[in-house]
Student: 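Here it is, the structure in full.
Residue numbers start at 1 and run along the sequence shown.
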Amino acid sequence: MTTDRPNLILIMTDQQRYDMLHATNGGPCESPGLDRLADRGVSFTNAHTVCALCTPARASIFTGVYPHTHGLINNGDMFSAVHRNLPRRDLFLHPLLQRRGYSLGYFGKWHVDADISPTDEGFEGVSVPAYGLEPSPGYGFGSVPMVEYDDYLRERNLRLPEFHPTVTTDKGKIVAGYIDGPEEASVPYFLTERTIDFVRRESSKNRPFFATLQFWGPHEISKPTRSHLDRYDPAKIPLWGSFADDLSGRPHQYLRHRDEFECWYHGVSRMGEERWRRAIASYFAHSTMIDFQIVRLLDELRSLGIEDNTVIAFCSDHGNYTGSRGGLFDKGVAMFEDIYHIPMLLSWPGVTNGGRAAQLVSNFDIMPTFLEIAGAELPPWLQAESMVRLLRNPTERGREAFVAENHGTYYLHSQRMVIAGRYKYVFTPYDVDELYDLEEDPHELHNILGEPGTQATAANLRRRMFAAASANGDPLADVVKGYFPDDIVGDSGARRR
């Protein structure tokens, strides 16, 4: 049954690169589900995460504000946590959909709060606080067991898959592997099955729904089924364009993090090409396994007859290094495109019909877009922007510049980046800054800051960074001005809090 308001579905992956996917960049990683979504939607080629870390990004997605505003600047379940749970719960956007008559379903990773789950916040479905699953079969880092998954396996007479390492460091740390057993026993299949159950039930009612399917993968450690792993020959896996970056001319912290502070990934920076190709193959396979679950969900929407009344957005919370920059792993350090440039697509039947859009957008723009499509009033606190006008008119101008944040992962440190046109500037208060020409140097191998002819470009980007930071109440705005007073002409007015 359809309603006057479309159904809304947000599909999210965890730690997926833009440049890998066939659907977004013609990349080598198979993406049949996203290919279908792209055929009917818009693929945003210049989408960036607001922060390349799970908790800050996810909290921003569900509040529409920057991490410095909602207060979760790093993961709440790590040893350097500033807050365990979201301090500003009044900023959540999903209650505005509920007031418009939407039922709310949440299935998968939350990682906004360390002690509170989305079922405590008005959603129904499958959810756990913090990162999520117990480490066996390798889906998490040891947090809260997911009882619903255990029940599902018993209902289907399936056993818990066993994880088999395929790539380890010289210190014995596991980097990649695969799981045995049928795909039906995997967590991605389970999450999709529960989402389909919700969609089936809600589609029979005369009310719209908002469902979000949140995959834990392809976040390392990669855990595809063996059948998906066999799709990729490691010898044929291309290495990233930034794989051989020696990080010269960049903040020293990047080198120190890669070569000295390895946290629980001891030895990862010394793996070499052969092991990294195998790790990337596993990463691709995990991504493709997830994508086949998206196919299942799209098939179900068509079978139920609600495909043309359902708006679907897809994004990742952030990217992944997976060997980039001479052996970086995970994310957090630095603000390279490897972890800030994300895949993002949106399909709105009757409005979008395939194609690409180059406007600057971010994953925290999705919920304001859903609110506007649903006819809900946009709240005054938004720092994100609805993309409805861009979807209705692909030639419409978007942001002139986009600012993102970094507050560190395993330890605290502040950085900001601004992208405007072909240029990107990274501000690191405690070390050297960076300037990249993304057209001439898309892999950011050469920091051109200070080279002849770059002074005006750098000054312009600093002004843009200061203006955005000041307008959004970012405390680092005054630091930018303090370093570059000659570039900042006046103040952009009262700060928004």
Student: Judged by atom type as modelled, is there a donor-acceptor pair below 3.5 Å linking the side chain of Ser31 to the main-chain atoms of Ala23?
Tutor: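 Such a contact is found between Ser31 side chain and Ala23 backbone.
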Student: Of the non-hydrogen atoms in Asp365 and Glu385, which two are nearest, and what is the gap between them?
Tutor: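 Heavy atoms only, the tightest pair is OD1-N, 2.8 Å.
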Student: Less than 4.5 Å apart, any side-chain heavy atom of Gln15 and any of Pro218?
Tutor: no
Student: Would you kindly say whether Tyr410 and His257 are connected by a side-chain donor-acceptor distance under 3.5 Å?
Tutor: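 No, His257 and Tyr410 have no side-chain donor paired with an acceptor closer than 3.5 Å.
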Student: side-chain contact (heavy atoms from CB on, under 4.5 Å) for Arg156 and Glu184? Distances and angles first, verdict last.
Tutor: CA-CA 9 Å; Arg156 300 294 180 93; Glu184 289 77 10; 5.5 Å; no
Student: Is there a side-chain contact between Leu34 and Pro343 (heavy atoms, below 4.5 Å)?
Tutor: no
Student: For residues Val333 and Arg258, determine if any side-chain heavy atom of one lies less than 4.5 Å from a side-chain heavy atom of the other.
Tutor: no
Student: For Arg256, does the CZ atom have more than 12 heavy-atom neighbours from other residues, nucleotides or ligands under 6.0 Å away?
Tutor: no
Student: Below 30° counts as parallel, above 60° as perpendicular, anything between as tilted: where do the rings of Phe190 and Tyr149 land?
Tutor: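 Judged by the thresholds at 30° and 60°, the geometry between Phe190 and Tyr149 is tilted.
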Student: If we count only N and O atoms by modelled type, under 3.5 Å, do the side chains of Ser60 and His70 hold a donor and an acceptor together?
Tutor: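 His70 and Ser60 do have a side-chain donor-acceptor pair below 3.5 Å.
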Student: Give me the ring orientation class for Trp110 and Phe62: parallel if the planes are under 30° apart, tilted from 30 to 60°, perpendicular past 60°.
Tutor: tilted
Student: Any non-hydrogen side-chain atom of Met344 less than 4.5 Å from a side-chain atom of Met387?
Tutor: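 Side-chain contact under 4.5 Å: yes.
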Student: Stepwise, does the side-chain contact (heavy atoms from CB on, under 4.5 Å) test hold for Val426 with Asn406?
Tutor: CA-CA 10 Å; Val426 180; Asn406 180 28; over 6 Å; no
Student: Any idea which heavy atoms bring His407 and Ser414 closest together, and the distance?
Tutor: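 Here His407 and Ser414 meet closest at ND1-OG, 4.2 Å.
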Student: Decide salt bridge (Lys or Arg N to Asp or Glu O under 4.0 Å) for Asp478 and Lys481; before the verdict, give the C-alpha distance in whole Å, the side-chain angles of both, and the deciding distance to 0.1 Å.
Tutor: CA-CA 5 Å; Asp478 292 330; Lys481 188 174 182 178; over 6 Å; no
Student: Measuring from Tyr66:OH to Asp474:CG, what's the distance to the nearest 0.5 Å?
Tutor: 8.5 Å
Student: In a check of ring pair (Phe, Tyr, Trp, His ring centres under 6.0 Å) between His228 and each of Phe292, Tyr189, Tyr178, which one passes?
Tutor: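 With His228 as partner, Phe292, Tyr189, Tyr178 yield a single ring pair (Phe, Tyr, Trp, His ring centres under 6.0 Å), made by Phe292.
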Student: Give me the one residue out of Arg464, Arg416, Glu434, Arg462 that meets side chain to side chain donor-acceptor pair (under 3.5 Å) with Tyr425.
Tutor: Arg462
Student: What is the minimum heavy-atom distance between Trp240 and Ile280, and which atoms define it?
Tutor: NE1-CD1, 3.5 Å
Student: How far does OG1 of Thr55 sit from NE2 of His111, to the nearest 0.5 angstrom?
Tutor: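 Thr55 OG1 to His111 NE2: 3.5 Å, rounded to 0.5 Å.
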Student: Looking at Arg194 and Glu155, is there a salt bridge between them, counting it only when a charged N and a carboxylate O are closer than 4.0 Å?
Tutor: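 Arg194 and Glu155: salt-bridged.
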Student: For the backbone of Gly327 and the side chain of Ser269, can you confirm whether one donor and one acceptor N or O come within less than 3.5 Å of each other?
Tutor: no
Student: Roughly how far apart are Tyr283 OH and His219 NE2, rounded to 0.5 Å?
Tutor: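 Spacing of OH (Tyr283) from NE2 (His219) equals 9.5 Å.
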Student: Under a 3.5 Å cutoff, is there a donor and acceptor pairing between the side chains of Thr409 and Asp330?
Tutor: no
Student: Where the side chain of Arg5 meets the backbone of Pro208, is there a donor-acceptor pair that is under 3.5 Å apart?
Tutor: no
Student: When you compare the side chains of Gln253 and His413, does any donor N or O come within less than 3.5 Å of an acceptor on the partner?
Tutor: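 There is such a pair (donor and acceptor under 3.5 Å, judged by atom type) between the side chains of Gln253 and His413.
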Student: Would you mind reporting whether Val480 and Pro429 have side-chain heavy atoms less than 4.5 Å apart?
Tutor: no
Student: Measuring from Lys109:NZ to Phe215:CZ, what's the distance to the nearest 0.5 Å?
Tutor: 13.5 Å
Student: Look at Glu124 together with Arg201 and state whether they make a salt bridge at an N to O cut-off of under 4.0 Å.
Tutor: yes
Student: Pick from Phe210, Tyr102, Phe123: which one makes a ring pair (Phe, Tyr, Trp, His ring centres under 6.0 Å) with His94?
Tutor: Phe123
Student: Quick one: does any side-chain atom of Asn74 pair with a main-chain N or O of Ser80 as donor and acceptor, under 3.5 Å?
Tutor: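 Yes, because the side chain of Asn74 sits within donor-acceptor range (under 3.5 Å) of the backbone of Ser80.
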Student: May I ask you to decide whether Arg99 forms a salt bridge with Glu377, counting only side-chain N to carboxylate O separations under 4.0 Å?
Tutor: no
Student: Could you walk me through whether Ser287 and Gln16 pass side chain to side chain donor-acceptor pair (under 3.5 Å), step by step?
Tutor: CA-CA 8 Å; Ser287 180; Gln16 193 170 36; 2.5 Å; yes
Student: Please evaluate residues Asp14 and Cys54 with respect to the criterion side-chain contact (heavy atoms from CB on, under 4.5 Å), reporting the C-alpha separation (whole Å), side-chain torsions for both, the decisive distance (0.1 Å), and the verdict.
Tutor: CA-CA 8 Å; Asp14 188 6; Cys54 297; 3.5 Å; yes
Student: Considering all heavy atoms of both residues, which atom of Pro67 and which atom of Cys51 are nearest to each other, and what is their separation?
Tutor: CG-CB, 4.0 Å
Student: Are Glu183 and Arg296 within salt-bridge range, i.e. N to O under 4.0 Å?
Tutor: no
Student: Find out whether Met271 and Thr169 are in side-chain contact, i.e. whether some heavy atom of one side chain is under 4.5 Å from a heavy atom of the other.
Tutor: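 The answer is yes, as the side chains (C-beta and beyond) meet within the 4.5 Å cut-off.
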Student: I'd like to know if the side chain of Thr168 reaches the main chain of Lys173, judged simply by a donor and an acceptor atom lying under 3.5 Å from each other, with no hydrogens or angles considered.
Tutor: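 No, because the side chain of Thr168 does not come within donor-acceptor range (under 3.5 Å) of the backbone of Lys173.
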Student: Do the ring centers of Tyr254 and Phe336 come within less than 6.0 Å of each other?
Tutor: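 Yes - the distance between ring centres of Tyr254 and Phe336 falls below the 6.0 Å cut-off.
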Student: For Glu444 and Arg250, run salt bridge (Lys or Arg N to Asp or Glu O under 4.0 Å): C-alpha distance rounded to whole Å, both residues' side-chain angles, the deciding distance at 0.1 Å, then the answer.
Tutor: CA-CA 11 Å; Glu444 301 167 289; Arg250 269 64 69 85; over 6 Å; no
Student: Where do Asp113 and Arg89 land on the salt bridge (Lys or Arg N to Asp or Glu O under 4.0 Å) test, with the steps shown first?
Tutor: CA-CA 10 Å; Asp113 302 293; Arg89 314 198 75 76; 2.8 Å; yes
Student: Can you tell me how far the CD atom of Gln293 sits from the CG atom of Leu191, to the nearest 0.5 Å?
Tutor: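 That separation rounds to 9.0 Å.
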Student: Do you see a donor-acceptor pair shorter than 3.5 Å between the side chains of Ser324 and Arg17?
Tutor: yes
Student: Of the non-hydrogen atoms in Val50 and Phe402, which two are nearest, and what is the gap between them?
Tutor: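 Val50 and Phe402 have their closest heavy atoms at CA-CZ, 4.2 Å.
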Student: Rounded to the nearest 0.5 Å, how far does CD1 of Ile339 lie from OH of Tyr321?
Tutor: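 Reported value, rounded in 0.5 Å steps: 3.5 Å.
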Student: Are Asp19 and His341 side-chain neighbours, meaning at least one heavy-atom pair lies under 4.5 Å?
Tutor: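 SC-SC contact between Asp19 and His341 ruled out.
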Student: Do Pro379 and Leu96 have side-chain heavy atoms sitting under 4.5 Å apart?
Tutor: yes
Student: Show your reasoning for whether side-chain contact (heavy atoms from CB on, under 4.5 Å) applies to Ile488 and Arg463.
Tutor: CA-CA 6 Å; Ile488 312 302; Arg463 282 192 292 272; 4.2 Å; yes
Student: So which atom in Ala81 and which in Asn75 form the shortest heavy-atom distance, rounded to 0.1 Å?
Tutor: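 For Ala81 and Asn75, the tightest heavy-atom pair comes out as CB-O, 3.4 Å.
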Student: Consider only side-chain N and O atoms of Glu372 and Ser386, and report whether a donor and an acceptor are under 3.5 Å apart.
Tutor: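 Note: Glu372 and Ser386 side chains meet the donor-acceptor criterion.
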Student: Give a yes or no on whether the ring-centroid distance for Phe466 and Phe484 is below 6.0 angstrom.
Tutor: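 Ring centroids of Phe466 and Phe484 are no less than 6.0 Å from each other.
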Student: Going by distance alone, is a donor N or O of one side chain under 3.5 Å from an acceptor N or O of the other, for Asn363 and Thr49?
Tutor: yes
Student: With respect to Ser347, which candidate in Leu298, Leu37, Val42, Leu391 satisfies the side-chain contact (heavy atoms from CB on, under 4.5 Å) definition?
Tutor: Leu37
